Amino acid sequence: MESIIFSGNIAQDLERFLASKRYSKLGVIADSNSFSACYPLISEALPEHSYFSFEAGEINKNIDTCTKIWQWMTDQGFDRKALIINLGGGVTGDMGGFCASTYKRGIRFVNIPTSLLSQVDASVGGKLGIDFNGFKNHIGVFNIPEAVIISTTFLATLPLPELRSGYAEVIKHGLIRNANYFESLKMQGWESQNWKDIIEKSVSIKREVVEKDPKEDGLRKILNFGHTVGHAVESFYLDADRHLLHGEAIAVGMIAEAYLSKKLCGLSTSALDTITEFLLFVFDKIEIPAEDLEKITQLCFQDKKNEGKVINCSLLRRIGECDYNIPVSSENIIESLNFYNTLKK
Ligand SMILES: NC(=O)c1ccc[n+]([C@@H]2O[C@H](COP(=O)([O-])OP(=O)(O)OC[C@H]3O[C@@H](n4cnc5c(N)ncnc54)[C@H](O)[C@@H]3O)[C@@H](O)[C@H]2O)c1
Ligand SMILES: [Zn+2]
């Protein structure tokens with residue numbers, strides 16, 4: 001597993017960490033936002049280094065940007081002993097880690113995640129990669145960073161919708177693995193959280209699950225709760241005027257899949273109500289036109305190996321306990337989206 005450092009003073013802790021490492025050259029990869037908001041917080045702590053910055057956005061998590069990164073590494077004369085720092089959200093971590101893992105058959109890298117989503121989710125678990133010809137995370141590798149250094153300081157500049165998007169994964173962690181954690185989240189106003197405690201808790205849940213099943217043969221699938229329907233909603237709205245952030249789509253997905261959990265997996269009605277109420281408190285209600293339900297449902301079945309009319313979902317038995325490989329039909333999914341549509345915020 002990766003070693004995770006929770007930092008109370010990012011500049012100081014990074015300086016100390018780098019002093020303990022031997023490397024030939026140091027490079028920093030950031031996107032345009034993390035470069036302007038986060039790089040100034042660490043630049044003085046960095047020994048001699050070069051940096052590469054690319055335009056922010058999922059759309060740039062592609063092979064063209066990788067080519068530029070590999071060219072920059074080559075121009076800088078990075079050898080097998082070079083060390084890369086990925087400073088940014090999940091896009092930077094996934095793509096920077098992928099480029100480092102493939103350059104000269106792999107050089108070491110450190111992740112400094114700067115969005116809530118990347119701190120609680122993307123930077124843990126060793127999945128790296130890029131999008132390819134419209135397929136998300138289609139090309140990639142599993143590889144473990146030298147370290148992940150997490151500091152809540154960076155969250156101060158993160159736009160509120162991005163913070164909330166990451167919070168969807170936090171809620172998911174409680175729902176799939178720890179009822180007390182979910183309960184404690186409900187008790188607090190979500191914007192004024194004690195982020196340090198939350199990130200530590202969420203990371204420990206993700207790590208525990210990944211440690212038991214690193215390659216997603218079984219248990220790791222529970223991290224996909226909310227993501228079967230959520231990803232379909234996310235893809236559907238990619239083309240729409242109202243673009244949804246990942247966590248906003250996953251919030252819809254978690255409500256729909258909580259409904260399926262009740263129908264197929266024994267989740268109680270009161271638990272479904274609790275989950276629905278909390279998610280609608282944190283996230284806006286999306287209007288999904290009835291005529292689009294069929295298309296969204298079809299998207300749930302795309303690119304999956306289980307051909308035909310059945311898809312395997314991760315569903316809740318109760319709050320804090322999730323099961324996986326539960327077969328779900330397209331009729332079930334339409335019904336769950338209809339349930340979502342009837343809800344009032
Ligand atoms: N590897 C994994 O296991 C895993 C898990 C979940 C998600 N992901 C991937 O992560 C990506 C989503 O991550 P994300 O939400 O962090 O996206 P992101 O990297 O695009 O960051 C979101 C936005 O916030 C900006 N930003 C980041 N930190 C900032 C800061 N401190 N101040 C100001 N702006 C800041 C970014 O520039 C970007 O505009 C997706 O590509 C997804 O596939 C990977
Ligand atoms: Zn997610």
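In each ligand, atom 1 is the first atom listed, and ligand 1 is the first ligand listed. Since the model is a prediction, treat every value here as computed from it, not as a measurement.
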> What are the atoms of ligand 1, with element, lying closer than 4.0 Å to any heavy atom of Glu58?
Replying inline: 40 (C), 41 (O)
> Looking only at protein heavy atoms, which one is nearest to atom 1 (N) of ligand 1, and how far off is it?
Replying inline: Lys127 O, 2.8 Å
>> What protein heavy atom lies closest to atom 39 (O) of ligand 1? Include the residue and the distance to one decimal.
In response: Asn33 ND2, 3.0 Å
>> Just to confirm my output: which protein heavy-atom neighbour is closest to atom 17 (O) of ligand 1, and how far is it?
In response: Gly90 N, 3.9 Å
> Should the ring pair Phe278 and Tyr167 be called parallel, tilted or perpendicular, given that the plane angle runs from 0 to 90° and is split at 30 and 60?
Replying inline: perpendicular
>> Looking only at protein heavy atoms, which one is nearest to atom 31 (N) of ligand 1, and what is the separation?
In response: Phe154 O, 2.9 Å
>> Within the 4.0 Å heavy-atom shell around Lys206, which atoms of ligand 1 are there?
In response: 3 (O)
> Think Lys295 forms a cation-pi with Phe236, using NZ or CZ under 6.0 Å from the six-ring centre and within 45 degrees of its axis?
Replying inline: no
>> Distance to the ring centre below 6.0 angstrom and angle to the axis at most 45 degrees; does that hold for Lys127 and Phe98?
In response: no
> What's the atom name of the N, O or S in Glu169 nearest to the Zn ion (ligand 2)?
Replying inline: OE2
>> Assess the residue pair Ile84 and Met73 against the criterion (side chain to side chain contact (heavy atoms under 4.5 Å, CB included)); give the C-alpha distance rounded to whole Å, side-chain angles, the decisive distance to 0.1 Å, and a yes or no.
In response: CA-CA 10 Å; Ile84 297 294; Met73 291 171 167; 3.8 Å; yes
> Is a salt bridge present between Glu335 and Lys263, judged by a nitrogen-to-oxygen distance below 4.0 Å?
Replying inline: yes
> Looking at His246, which of its N, O or S atoms is the nearest one to the Zn ion (ligand 2)?
Replying inline: NE2
>> Please confirm whether Glu162 approaches ligand 1 to less than 4.0 Å, judged on its heavy atoms.
In response: yes
> Any idea which atoms of ligand 1 are less than 4.0 Å away from a heavy-atom of Asp31?
Replying inline: 36 (C), 37 (O)
> Under 6.0 Å between ring centres, would you say that holds for Trp72 and Tyr51?
Replying inline: no
>> Show the nearest heavy-atom pair for residues Leu185 and Ile171, with the distance to one decimal.
In response: CD1-CA, 4.0 Å
>> What protein heavy atom lies closest to atom 26 (N) of ligand 1? Include the residue and the distance to one decimal.
In response: Leu158 CD1, 3.7 Å
>> Could you tell me, atom by atom, which parts of ligand 1 come under 4.0 Å of a heavy atom of Thr157?
In response: 30 (C), 31 (N), 32 (N), 33 (C)
> Which residue holds the protein heavy atom closest to atom 42 (C) of ligand 1, what is that atom called, and what is the gap in Å?
Replying inline: Lys136 NZ, 3.6 Å
>> Suppose I only count heavy atoms of Cys38 and a 4.0 Å limit; which atoms of ligand 1 are within that range?
In response: 30 (C), 31 (N)
> Rounded to the nearest 0.5 Å, how far does CG of Leu264 lie from CD1 of Ile326?
Replying inline: 8.0 Å
> To the nearest 0.1 Å, how far is atom 16 (O) of ligand 1 from its closest protein heavy atom, and which atom is that?
Replying inline: Ser115 OG, 2.5 Å
